[in-house]
Amino acid sequence: MNHIHLDAVGGIAGDMFIAAMLDVIPHLRPSIDQDIKSILPADVGRVELVKIRKNGMHAQTFNLVFNPDYQAHGKSDHGHDHEHDHRIGSGAYTDIVGYIRSSELAAGTIEVACAILTILAEAEAKTHAVDIKDVHFHEIADWDSVLDVVIAGSIIAALPDTKWSVSDLPRGGGLVKTRHGLLPVPAPATAELLAGFTWCDDGVSGERVTPTGAAILKYLIDPEDTDTPSAGAKKLLASGVGAGTRTIKELPNILRALHFDAASAARDMTYDQDHVTVIEFEIDDMTGEELATASEILRDCDGVIDLVLLIGQGKKNRAVTSFRLLAQPALADQVMDACFAQTSTIGLRHQVSERRILRRTEARDETGIRTKSVARPAGVTSCKVEHDDLTGEDLHSRRRQKYQAELQAKLKAEQKG
């Protein structure tokens with residue numbers, strides 16, 4: 001099971017959560033991009049993930065950049081005094097939920113996003129003593145805030161088997177300006193949502209946890225749960241940093257996400273886990289020579305881990321060659337471009353898959369033959385000789401070399417283990 005710990009250094013807001021999560025688990029980006037296309041009209045604007053420095057630390061921001069034409073008609077994310085876009089209504093809870101449910105978002109995204117909005121609406125209803133159906137989100141009724149809720153929902157839905165925890169939350173201080181006038185920090189709805197969570201005073205004022213950030217935490221975390229990164233041994237897989245828009249002199253305004261392998265202490269870690277992008281397509285109109293050239297070029301492309309060709313039958317019983325590539329997620333777009341350039345395919349399929357890899361060690365014996373040894377979970381060690389290193393004059397002598405090299409490598413590996 002994965003365990004993600006949110007370290008609220010500067011605080012937490014919806015955009016900070018998204019930026020930190022896409023920094024720590026970048027392979028989520030393709031599914032997130034698809035949900036952005038499904039929820040954000042093209043005339044409104046586009047999303048940017050930008051790498052910045054925050055108080056000397058590298059971080060990432062998640063921003064909605066509005067189209068000039070959209071802003072020119074008085075619809076901007078600044079000031080919250082513009083005419084609300086008809087697609088999300090006047091900011092009513094029921095209008096926003098209705099828009100999300102009528103979209104073409106992934107089903108899991110819809111359910112989580114609506115759940116987060118409902119949590120927030122219930123807190124607002126209690127704070128202002130109104131029925132939930134009469135709640136209007138004055139502070140989160142704009143496209144940037146709706147997008148924060150939806151994409152946070154998309155990320156959470158993509159990580160179903162994940163344990164979440166959070167550090168002590170910075171209380172902040174002073175007053176925050178709202179449609180209801182000046183309100184104390186934390187805002188009343190935020191305080192309602194995060195009852196039971198541990199707060200701390202680091203001496204820095206201002207709003208440190210936004211209502212959207214609070215609703216995300218409320219959805220993810222039971223404050224009574226004591227399973228934190230310090231509770232038992234856990235292997236840290238990666239870290240990511242999301243930055244807020246505010247600049248704080250005393251400390252970096254960031255949310256850090258720490259991705260742990262929560263099960264690492266409970267098993268013998270004879271393997272590693274990572275993610276790969278699987279790219280697949282079929283070809284039925286290239287010659288054997290063309291296929292051979294294309295496969296050689298693709299195998300040598302940066303980011304390609306492996307390439308397998310499979311022969312089968314396609315439509316009209318034509319012979320087809322299926323390409324299946326494993327690529328590093330960060331270079332997957334580059335590899336897919338190469339597939340289009342080197343083959344005649346006009347379409348391909350791609351998805352991110354989790355990969356489990358047995359740990360291997362390489363060695364070279366006194367005769368110069370290289371071997372790879374693999375320790376399997378059951379304790380059996382298997383060894384394989386690099387065939388190109390066998391120098392025997394005939395099959396019998398090469399097999400004898402191979403047997404002796406593998407036996408020697410296996411004995412060394414078992415002694416070492």
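These figures come from a predicted structure and were not determined experimentally.
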Engineer: Is it true that a side-chain atom of Arg364 and a backbone atom of Thr371 form a donor plus acceptor pair closer than 3.5 Å?
Structural biologist: no

Engineer: Taking Tyr99's backbone N and O only, do any of them form a donor-acceptor pair with Ser102's side chain (distance below 3.5 Å, no angle check)?
Structural biologist: yes

Engineer: Is there a side-chain contact between Ile283 and Leu291 (heavy atoms, below 4.5 Å)?
Structural biologist: yes

Engineer: Would you say that more than 12 heavy atoms from the other residues, nucleotides or ligands in this model lie under 6.0 Å from the CD1 of Ile346, or not?
Structural biologist: no

Engineer: Using 4.0 Å as the upper bound for N to carboxylate O, is an ion pair formed by Asp33 and Arg29?
Structural biologist: yes

Engineer: What are the two closest non-hydrogen atoms of Ile52 and Ala243, and how far apart are they?
Structural biologist: CD1-CB, 3.8 Å

Engineer: Around atom CZ of Arg318, are there more than 12 heavy atoms of other residues, nucleotides or ligands at under 6.0 Å?
Structural biologist: yes

Engineer: Looking at CG of Leu258 and CG of Leu237, how far apart are the two atoms once the value is rounded to the nearest 0.5 Å?
Structural biologist: 10.5 Å

Engineer: Would you say Asn253's side chain and Thr247's backbone share a donor-acceptor pair under 3.5 angstrom?
Structural biologist: no

Engineer: Drop me the distance from Leu194's CG to Ile12's CD1, to the nearest 0.5 angstrom.
Structural biologist: 9.0 Å

Engineer: Please indicate whether Glu104 has more than 12 foreign heavy atoms, meaning atoms of other residues, nucleotides or ligands, lying under 6.0 Å from its CD.
Structural biologist: no

Engineer: Are the side chains of Leu325 and Val278 in contact, using a 4.5 Å heavy-atom criterion?
Structural biologist: no

Engineer: Could you please spell out the steps behind the side chain to side chain contact (heavy atoms under 4.5 Å, CB included) verdict for Leu120 and Tyr93?
Structural biologist: CA-CA 9 Å; Leu120 184 54; Tyr93 159 71; over 6 Å; no

Engineer: Do the side chains of Lys384 and Glu406 get close enough for a salt bridge, i.e. N-O under 4.0 angstrom?
Structural biologist: no

Engineer: Got a salt bridge between Arg101 and Glu111, using NZ or NE/NH1/NH2 to carboxylate O under 4.0 Å?
Structural biologist: yes

Engineer: List the steps, then state whether side chain to side chain contact (heavy atoms under 4.5 Å, CB included) holds for Val320 with Gln313.
Structural biologist: CA-CA 5 Å; Val320 298; Gln313 280 188 308; 5.7 Å; no

Engineer: May I ask you to decide whether Glu282 forms a salt bridge with Arg324, counting only side-chain N to carboxylate O separations under 4.0 Å?
Structural biologist: no

Engineer: Considering non-hydrogen atoms only, spot the tightest contact between Ile254 and Met16 and give its length.
Structural biologist: C-CE, 3.5 Å

Engineer: With a 4.5 Å heavy-atom cut-off, do Phe62 and Leu147 have their side chains touching?
Structural biologist: yes

Engineer: How many angstroms lie between atom CG of Leu117 and atom CD1 of Ile100, to the nearest 0.5 angstrom?
Structural biologist: 5.0 Å

Engineer: Run the side chain to side chain contact (heavy atoms under 4.5 Å, CB included) test on Ile25 and Leu159 for me, step by step, so that the C-alpha distance in whole Å, both residues' side-chain angles and the decisive distance to 0.1 Å come before the verdict.
Structural biologist: CA-CA 10 Å; Ile25 310 181; Leu159 302 170; 4.0 Å; yes

Engineer: Any donor and acceptor pair, going by atom type alone, linking the side chain of Ser31 with main-chain N or O of Leu28 inside 3.5 Å?
Structural biologist: yes

Engineer: If you look at every heavy atom in Ala189 and Ala123, which pair is closest and at what distance?
Structural biologist: O-CB, 4.0 Å

Engineer: Is it true that Lys51 and Asp23 make a salt bridge, defined as a side-chain N closer than 4.0 Å to a carboxylate O?
Structural biologist: yes

Engineer: Would the Trp164 and Phe260 ring centres measure less than 6.0 Å apart?
Structural biologist: no

Engineer: Examine distances only and state if a side-chain atom of Glu362 and a backbone atom of Lys372 form a donor-acceptor pair shorter than 3.5 Å.
Structural biologist: no

Engineer: Among side-chain atoms of His5 and Ser165, is any donor-acceptor pair under 3.5 angstrom?
Structural biologist: yes

Engineer: Will you find, in the side chains of His275 and Ser353, an N or O donor that is under 3.5 Å from an N or O acceptor?
Structural biologist: no

Engineer: Show, in sequence, the C-alpha distance, side-chain angles and deciding distance for Thr94 and Val135, and conclude whether the side chain to side chain contact (heavy atoms under 4.5 Å, CB included) test is met.
Structural biologist: CA-CA 8 Å; Thr94 52; Val135 168; over 6 Å; no

Engineer: For the CG atom of Leu22 and the CZ atom of Phe17, what is their distance to the nearest 0.5 Å?
Structural biologist: 9.5 Å

Engineer: When you compare the side chain of Val146 with that of Ile96, does any pair of heavy atoms fall below 4.5 Å?
Structural biologist: yes

Engineer: Are any non-hydrogen side-chain atoms of Ile132 and Glu122 less than 4.5 angstrom apart?
Structural biologist: yes

Engineer: Nearest heavy-atom pair of Leu298 and Val304: which atoms, and what distance?
Structural biologist: O-CG2, 3.2 Å

Engineer: With the side chain counted from C-beta on, respond yes when Ser295 and Leu309 share a heavy-atom pair under 4.5 Å apart, and no when they do not.
Structural biologist: yes

Engineer: Might you point out which heavy atoms bring Ala257 and Val24 nearest each other, and give the distance in Å?
Structural biologist: O-CG2, 3.8 Å

Engineer: Is it true that a side-chain atom of Thr190 and a backbone atom of Pro186 form a donor plus acceptor pair closer than 3.5 Å?
Structural biologist: no

Engineer: If you measure from the Lys or Arg side-chain nitrogens to the Asp or Glu carboxylate oxygens, is any gap between Arg256 and Asp7 under 4.0 Å?
Structural biologist: yes

Engineer: Using a strict cut-off of less than 4.0 Å between a Lys/Arg side-chain nitrogen and an Asp/Glu carboxylate oxygen, indicate whether Glu124 and Lys126 qualify as a salt bridge.
Structural biologist: no

Engineer: Is there a side-chain contact between His350 and Met336 in this structure, where contact means two heavy atoms from C-beta onward sitting under 4.5 Å apart?
Structural biologist: yes

Engineer: Is it the case that the side chain of Asp202 and the backbone of Val204 share a donor-acceptor pair, with hydrogens and angles ignored and the cut-off at 3.5 Å?
Structural biologist: yes

Engineer: Quick one: OG1 on Thr212 to CG on Asp148, what's the gap to the nearest 0.5 Å?
Structural biologist: 6.5 Å

Engineer: Counting neighbours of CG on Asp306 that are heavy atoms of other residues, nucleotides or ligands and sit closer than 6.0 Å, is the number greater than 12?
Structural biologist: yes

Engineer: With no hydrogens and no angle check, just 3.5 Å: does a side-chain donor-acceptor pair link Thr109 and Asp35?
Structural biologist: yes

Engineer: Hey, could you give me the CD1/OG distance between Ile36 and Ser154, rounded to the nearest 0.5 Å?
Structural biologist: 8.0 Å

Engineer: Is the side chain of Asp365 donor-acceptor paired with the backbone N or O of Gly368 at a distance under 3.5 Å, no angle test?
Structural biologist: yes

Engineer: Measure the shortest side-chain to side-chain distance between Glu386 and Ile369 over non-hydrogen atoms and say whether it is less than 4.5 angstrom.
Structural biologist: no

Engineer: Counting only heavy atoms from other residues, nucleotides and ligands, does the tally under 6.0 Å from CG of Asn55 exceed 12?
Structural biologist: yes

Engineer: Which atoms form the tightest heavy-atom contact between Gly153 and Val112, and what is the distance?
Structural biologist: CA-CG1, 3.6 Å

Engineer: Tell me if a side-chain donor or acceptor on Asn67 pairs with a main-chain N or O of Asp69 at a distance below 3.5 Å.
Structural biologist: no

Engineer: Taking Lys54 for its side chain and Gly244 for its backbone only, find out whether a donor-acceptor pair lies under 3.5 Å.
Structural biologist: yes

